[in-house]
There are 2 protein chains.
Amino acid sequence: MNRVTAADVAAAAGVSRSTVSYVLNGSDRVRFPESTVARVLEAAARLNYTPNAAASSLRRGRSDVVLAVLHDMPHGTALGRLLDELTAVVAAQGRSLVTWAAREGSALADVLRDLTPRVIVELMPFGDEDRATAAGSGVPVLSAIDALLDLESHVGAAQVDHLAGLGHRRVGVVTVDEPRVEVFARARRASAADALRRHGLAAPPVAVMGEAGAAAADVLAESLREWTRGPDPVTAVACYNDLFAAITCAAAERAGLSVPHDLAVVGVDDEPLGAWLSPTLTTVRVDLPALATAIAAALAGDARSRDVDVIGEGRDVALVVRGTSGAPRSGSVDQTSR
Amino acid sequence: MNRVTAADVAAAAGVSRSTVSYVLNGSDRVRFPESTVARVLEAAARLNYTPNAAASSLRRGRSDVVLAVLHDMPHGTALGRLLDELTAVVAAQGRSLVTWAAREGSALADVLRDLTPRVIVELMPFGDEDRATAAGSGVPVLSAIDALLDLESHVGAAQVDHLAGLGHRRVGVVTVDEPRVEVFARARRASAADALRRHGLAAPPVAVMGEAGAAAADVLAESLREWTRGPDPVTAVACYNDLFAAITCAAAERAGLSVPHDLAVVGVDDEPLGAWLSPTLTTVRVDLPALATAIAAALAGDARSRDVDVIGEGRDVALVVRGTSGAPRSGSVDQTSR
DNA sequence: ATGAAAGCGCTAACAC
DNA sequence: GTGTTAGCGCTTTCAT
């Protein structure tokens, strides 16, 4: 099947190629009589004409493709929700959002050889090389990193506010050691630590987890035993995400701690499965649709050559209170009254 | 910043535009002296030259973009694994895989106006409209649907084989009513039913679930009570995926059934969180990397204008045996001996 | 109101 | 070996 070009449509409609272009692009500059428009439209439909995207972007000097870049980190459902929403709002702008997952060994330069997007949306922090590529390519980069970090900075706070509100005085932090999410993990635990300070509580003990493999719970159980020993035991844990919250619950059981009575656990991301753990998982849900909208708005404002930072709103973080969090058992040791 | 073109590089290197093109594309037809090559490469690097993808695909008459199409169904981590792997193998072919999520209201035609991929990979069944668009666009479609269905047809069988092997004689099925995954859900439950027949067991009672909302477990608990009533109770359940398996476990508890003693439960997808449920979730893991490789191989064979079906291999399905599955309690009622 | 014509940046056949 | 040249299909200015 030979591709149908505008010339074919023009011939079929008995007009020139430029008329076809005008009619199809609905230029405001020129108005064509109904009959001409109808003839062109009919011919285009009959021949199943699809404009050549490459020719069109070459001539216009720009494309209507928006490229969202993330990496191959096994991500939960949260990022999927963000991408779905982003796809929709970008589509509403008459552009197309496609996603590309960077991997160890694959460079942004590769995809930019095959595709010149109108703008690149940075959803995961670029490495130095990719950053240089993006900068040199002349394609504007819309970075969502600051917005994401802003959101993250409320995540740990939401966890701690909830736990402190329940009366917990010693809170531990379970974080993850994984380079690709390091920046987010750091933001989450930093905001948790900040919140603890704000509540006048001690700095948290931190357990840094590697792979979420089978041994993870044993390792963590050891930390929990240590944290809960002594006169001033940890009674609550703020976890990096729901997966590690689930592991923490399993670790608690192995350490002989009952959740939530001996230990309250709070995750992040509101994974669907978390609602069906027993006890059901208390978690922090981030409002990704709102972030998608913010990104889309920045996109509409059309970052020229300078990067644009989306400013997320702090309240786009909501606690989902379920079974793994409750008040500490009969007050802390240092509260002898009552 | 004005875009650097091949002409700029040519001027800087003191050669013609075609030489630049030849050198950069490494044509086999012509061989240039080291010095020329070096000069061109140096100039390109120094000017930070990026070829214009649109011009290049326009001229070549094709692009090196592969477009993977799926829909906005909230998918688990399994599909993410598939996409990551696919991105990698496609990159190894010197092409770029980008992903586009179709949504209610957004059409494939929209993205094809902004992007002309070399081939479209159909990961979720197209609707009639998108199928027509794809066909009319002249872009070959590589459908992974048949391969996915082939895989699915082994999923239910793997669940049932495991359960029958443990001695279960009455097995129920929990499936989902969601148009976007209907074809896969049907394949899973059909293969479970087939397997039961093969084992000489009765056709399964089927619970069709809607949303995985809070009420889901109550609804399902009612079904479980019914199934386990009477002389020939259901002792095991094959679930659509891990989420519904978790809901089934919760429902079992509400129905006063102990998992796995009164009821064995098997999921699908090997969601990371499933390993931390209690009891830990037995599940079926599908070998997506193998599927990605198969798709990539078909891609390399370069579907001309006809669609190509990837043939998946049945053994790319593996049972992950964990805590929710065990032998039925002291044999079935009809096994009076022993 | 419509058409002719000039490229967008690149590739590749062909000439020198 | 290297340069010249002719478009790929489209948009858009400028004539008519």
Side-chain angles (χ1 to χ4, degrees), chain A residues 1-40 43-44 47-65 112-116 118 137-139, chain B residues 1-41 43-44 47-64 112-116 118 137-139:
Chain A
M1 177 199 252
N2 280 331
R3 270 189 68 75
V4 179
T5 76
D8 300 326
V9 177
V15 298
S16 75
R17 302 202 308 285
S18 48
T19 301
V20 171
S21 181
Y22 278 131
V23 169
L24 263 35
N25 293 319
S27 164
D28 317 314
R29 310 258 312 174
V30 270
R31 200 128 301 287
F32 287 84
E34 291 261 344
S35 63
T36 308
V37 171
R39 230 165 48 248
V40 171
L47 299 179
N48 208 325
Y49 170 65
T50 324
N52 180 311
S56 160
S57 8
L58 175 57
R59 178 63 236 228
R60 303 173 109 111
R62 60 192 163 76
S63 90
D64 285 328
V65 172
L112 290 187
R113 242 201 319 277
D114 297 331
L115 188 60
T116 308
R118 167 90 153 250
S137 73
V139 178
Chain B
M1 173 198 256
N2 280 333
R3 269 188 68 74
V4 178
T5 76
D8 299 327
V9 177
V15 297
S16 75
R17 300 199 312 283
S18 53
T19 301
V20 172
S21 180
Y22 280 129
V23 168
L24 263 36
N25 294 319
S27 165
D28 316 313
R29 309 258 311 175
V30 270
R31 200 128 301 287
F32 288 84
E34 291 261 345
S35 63
T36 309
V37 171
R39 229 164 50 247
V40 170
L41 257 31
L47 299 179
N48 207 324
Y49 169 65
T50 324
N52 180 310
S56 164
S57 9
L58 175 57
R59 180 62 241 227
R60 304 173 108 110
R62 59 191 164 76
S63 89
D64 285 328
L112 289 188
R113 238 198 321 277
D114 297 330
L115 186 61
T116 307
R118 167 92 154 250
S137 73
V139 179

> For D:dG3, does either OP1 or OP2 sit under 4.0 Å from a side-chain N or O belonging to B:T19?
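Affirmative; the distance criterion is met.
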> For D:dT11 and A:N25 - does any side-chain N or O of the residue sit under 4.0 Å from the phosphate oxygens OP1/OP2?
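Yes, because at least one side-chain N or O of A:N25 sits under 4.0 Å from OP1 or OP2 of D:dT11.
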> From C:dG9, D:dG9, C:dG3, pick the nucleotide closest to the side chain of A:R59?
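My answer, after comparing the listed nucleotides, is D:dG9.
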> Would you indicate what A:S57 reaches in the nucleic acid, counting non-hydrogen atoms under 4.0 angstrom: base, sugar-phosphate, or nothing?
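Nothing: the residue A:S57, judged by heavy atoms under 4.0 Å, touches no strand.
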> When all nucleic acid strands are considered with a 4.0 Å heavy-atom cut-off, which category describes B:S56: base, sugar-phosphate, or nothing?
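Since only primed, P, OP1 and OP2 atoms lie under 4.0 Å of B:S56, the category is sugar-phosphate.
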> Considering only D:dG3, D:dG9, C:dC10, which nucleotide approaches the side chain of B:L58 most closely?
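For B:L58, the side-chain atoms sit closest to D:dG9.
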> Checking contacts here: which listed nucleotide (C:dA12, D:dT2, C:dA1) is nearest the side-chain heavy atoms of B:T36?
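Nearest nucleotide to the side chain: D:dT2.
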> Does B:S16 put a side-chain nitrogen or oxygen below 4.0 Å from OP1 or OP2 of D:dG3?
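The answer is yes; a side-chain N or O of B:S16 sits under 4.0 Å from OP1 or OP2.
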> Using the side chain to side chain contact (heavy atoms under 4.5 Å, CB included) rule, take B:N52 and B:T5 through it: C-alpha gap first, then chi angles, then the decisive distance, then the call.
CA-CA 8 Å; B:N52 180 310; B:T5 76; over 6 Å; no
> Side-chain contact test, heavy atoms from C-beta onward, threshold under 4.5 Å: evaluate it for A:L115 versus B:L115 and give yes or no.
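Counting from C-beta outward, A:L115 and B:L115 do come under 4.5 Å.
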> Tell me every residue that passes salt bridge (charged side-chain N to carboxylate O under 4.0 Å, His left out) with A:R62, counting only those two or more places apart in sequence or in another chain.
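Checked A:R62 against salt bridge (charged side-chain N to carboxylate O under 4.0 Å, His left out); matches are A:D64.
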> Give one of base, sugar-phosphate or nothing for A:T5, where a contact means two heavy atoms less than 4.0 Å apart.
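Here A:T5 touches the backbone only, sparing every base.
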> Please determine, for the side chain of B:N52, which listed nucleotide (C:dC10, C:dT11, D:dG9) has the closest atom?
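The listed nucleotide nearest to B:N52's side chain is C:dC10.
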> Checking contacts here: which listed nucleotide (C:dA1, C:dC8, D:dC10) is nearest the side-chain heavy atoms of A:Y49?
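That would be D:dC10.
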